[in-house]
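This report concerns only the one structure given below.
What's counted below: heavy atoms across the whole structure, side chains too, no hydrogens, waters or symmetry copies. Whatever order the structure lists ligands and atoms in, that order sets their numbers, starting from 1.
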Amino acid sequence: MKDHLGREIDYMRISITDRCNLRCRYCMPDGVECVPMAEILTLEECAEIAACGAALGIHKIKVTGGEPLVRQGCCDFIRMLKETEGIRRVTITTNGILLERHLEELLDAGIDGINISLDTLDPGLYKALTGGGELESVMRALEKAVEAGRDRQIPVKINAVSLDLKDMAQKLGCGYEGPGWEELLELAVKYPVDVRFIEVMPIGYGRQYESVDHERLLARLKEIYPGMEKDHRVHGNGPAVYYRIPGFQGSIGLISALHGKFCAGCNRVRLTSQGYLKSCLCYEDGADLRKILRGSAGREERKSRLLEAMRQAVWGKPAAHCFENPEQMTESGNMIRIGG
Ligand code: SAM
Ligand code: SF4
């Protein structure tokens, strides 16, 4: 399905919950109010929207949250998506805390890729940054996922928000002294995983934090690893630019929403946990699909209304984000509702 600028939209992120078992400072620090469960789409409703999306050419789905693995039935939902005609790839993004427990079930359901969000390898800083998370459980899950994924060709990726870790540690009052984001590179040496750095976006609580500038991060990488080269292989659905470094098993990806505006190639829409189809992170533009799902129309009529609303939302997708001019943003929600 194309938007008014001719961009092919074939990827949808579905946030299945706004609940989370962590409290990352930049996303859901203590005090974020969750919406009542009755306002959150059921997994059947999410699947109905996904099926309409597939009919319109959305072939790739990312299951996100909140933390998707805290939602009961998450793995069954993934199985449902995998059985839906037209959906070719279903991946998940998780903080990894519950991953070890659900790994087998996810694999059985047919998951095609697992992204683990991890911003530091220091247990103390991890705990402070995530509001109590145990790094050890994420590391165990990572090892198991890599092992299981190796045989089944299921890629495991690390997503790290590009924070100034030393500054963060100081603000949080924990004794971390460095090195900073560089420490995460070790994961791509030790495991065949891509490590992707994501510039902090000024959404919700993210506004309070300054991102490490990816131009500087790239310059520093080139300085440390003069043998680094662009990696032109396709790694997934998104806008990351990848680099290979001699001696590394995985690649390093940079997702530079601020310093490498990639909107001209944007291929995605987002379904919030409350059933709003967002056409761009930055704006409120989109369609209230929950209203259609819960209206009085019969199944066929509902389907045709959903298809029309989705088509229109995609068609009107804004040309580009405006993170550089935050006063123009109309999105006022938190990342926890949007799903990243
Ligand atoms: N709980 C899951 C997780 O952490 O992967 C899924 C939801 S989380 C909202 C999805 C992704 O959004 C995570 O990788 C998280 O680090 C990222 N994220 C949250 N707030 C962000 C912000 N302001 N800027 C950039 N990325 C952000
Ligand atoms: Fe939870 Fe993910 Fe947000 Fe952290 S980034 S608070 S794990 S939803």
Side-chain angles (χ1 to χ4, degrees), residues 13-34 61-71 74 91-99 102 106 111 113-120 125-135 137-138 141-142 145 156-165 168 181 184 194-214 236-240 253-260 262 268 270-273 278 281-282 321 323 326 329 331-340:
R13 297 176 67 94
I14 302 184
S15 171
I16 60 171
T17 180
D18 66 341
R19 271 66 172 169
C20 187
N21 49 354
L22 293 183
R23 294 287 181 272
C24 299
R25 306 312 304 166
Y26 52 81
C27 178
M28 190 202 196
D30 296 329
V32 170
E33 240 180 71
C34 294
I61 307 275
K62 172 86 72 204
V63 177
T64 177
E67 172 50 38
L69 291 174
V70 303
R71 176 104 196 233
C74 173
T91 55
I92 188 168
T93 177
T94 169
N95 58 36
I97 296 286
L98 296 174
L99 180 58
H102 291 288
L106 277 175
I111 196 78
I114 300 173
N115 289 4
I116 301 176
S117 300
L118 182 56
D119 302 327
T120 173
L125 179 56
Y126 182 78
K127 186 169 257 183
L129 193 56
T130 60
E134 294 291 340
L135 181 64
S137 32
V138 183
L142 168 62
V156 177
K157 296 178 187 166
I158 302 295
N159 284 345
V161 173
S162 294
L163 297 161
D164 180 338
L165 293 182
M168 203 77 193
W181 57 266
L184 291 156
D194 293 341
V195 174
R196 294 132 42 97
F197 293 97
I198 307 172
E199 281 185 335
V200 186
M201 291 177 268
I203 300 267
Y205 290 89
R207 287 198 184 123
Q208 297 170 14
Y209 300 95
E210 205 175 318
S211 182
V212 170
D213 174 342
H214 275 192
N237 304 322
L254 302 188
I255 303 177
S256 312
L258 310 182
H259 292 91
F262 39 65
R268 64 194 55 197
R270 296 170 166 87
L271 181 67
T272 71
S273 50
K278 274 182 69 60
L281 254 185
C282 226
H321 71 63
F323 289 145
M329 286 175 64
E331 176 56 63
S332 55
N334 289 318
M335 211 52 129
I336 195 87
R337 302 235 170 107
I338 302 170

Checklist outcome for this item: Per-atom filter on ligand 2: closer than 4.0 angstrom to a heavy atom of G66 are 8 (S)
Checklist entry - Quick one: ring-ring contact (aromatic ring centres under 6.0 Å, His included) partners of Y126, sequence neighbours excluded? => result none
Checklist entry - Once you round to the nearest 0.5 Å, how far does CZ of R268 lie from NZ of K62? => result 8.5 Å
Item to check | Approximate separation, where rounding is to 0.5 Å, of I198 CD1 and S117 OG | outcome: 6.5 Å
Checklist entry - How long is the gap from OG1 on T64 to CG on L271, to the nearest 0.5 Å? => result 11.0 Å
Next on the checklist: Which residues pass the salt bridge (Lys or Arg N to Asp or Glu O under 4.0 Å) test with E134, not counting sequence neighbours?
Outcome noted: K127
Next on the checklist: Any heavy-atom pair between the side chains of I116 and L99 that's under 4.5 Å?
Outcome noted: yes
Checklist entry - Donor-acceptor pair, S211 side chain versus V200 backbone, under 3.5 Å? => result yes
Checklist outcome for this item: What lies under 2.8 Å from atom 4 (Fe) of ligand 2, restricted to protein N/O/S atoms, is C24 SG
Item to check | Nearest non-hydrogen partners of L69 and H102, listed with the distance | outcome: O-NE2, 3.9 Å
Next on the checklist: Checking side-chain polar atoms at under 3.5 Å, does E67 have a donor or acceptor matched by the opposite partner on N95?
Outcome noted: yes
Once you restrict both partners to nitrogen or oxygen, which atoms of ligand 1 have a protein partner under 3.5 Å, and how far apart are they?
unit_1: ligand 1; atom_1: 1 (N); unit_2: G66; atom_2: O; d: 3.0
unit_1: ligand 1; atom_1: 1 (N); unit_2: E67; atom_2: OE1; d: 3.2
unit_1: ligand 1; atom_1: 4 (O); unit_2: S117; atom_2: OG; d: 3.3
unit_1: ligand 1; atom_1: 5 (O); unit_2: T93; atom_2: OG1; d: 2.9
unit_1: ligand 1; atom_1: 5 (O); unit_2: S117; atom_2: OG; d: 2.6
unit_1: ligand 1; atom_1: 14 (O); unit_2: S117; atom_2: OG; d: 2.7
unit_1: ligand 1; atom_1: 16 (O); unit_2: Y26; atom_2: OH; d: 3.2
unit_1: ligand 1; atom_1: 23 (N); unit_2: M201; atom_2: O; d: 2.9
unit_1: ligand 1; atom_1: 24 (N); unit_2: M201; atom_2: N; d: 2.8

Checklist entry - Between Y209 and D164, does any side-chain donor sit less than 3.5 Å from a side-chain acceptor? => result no
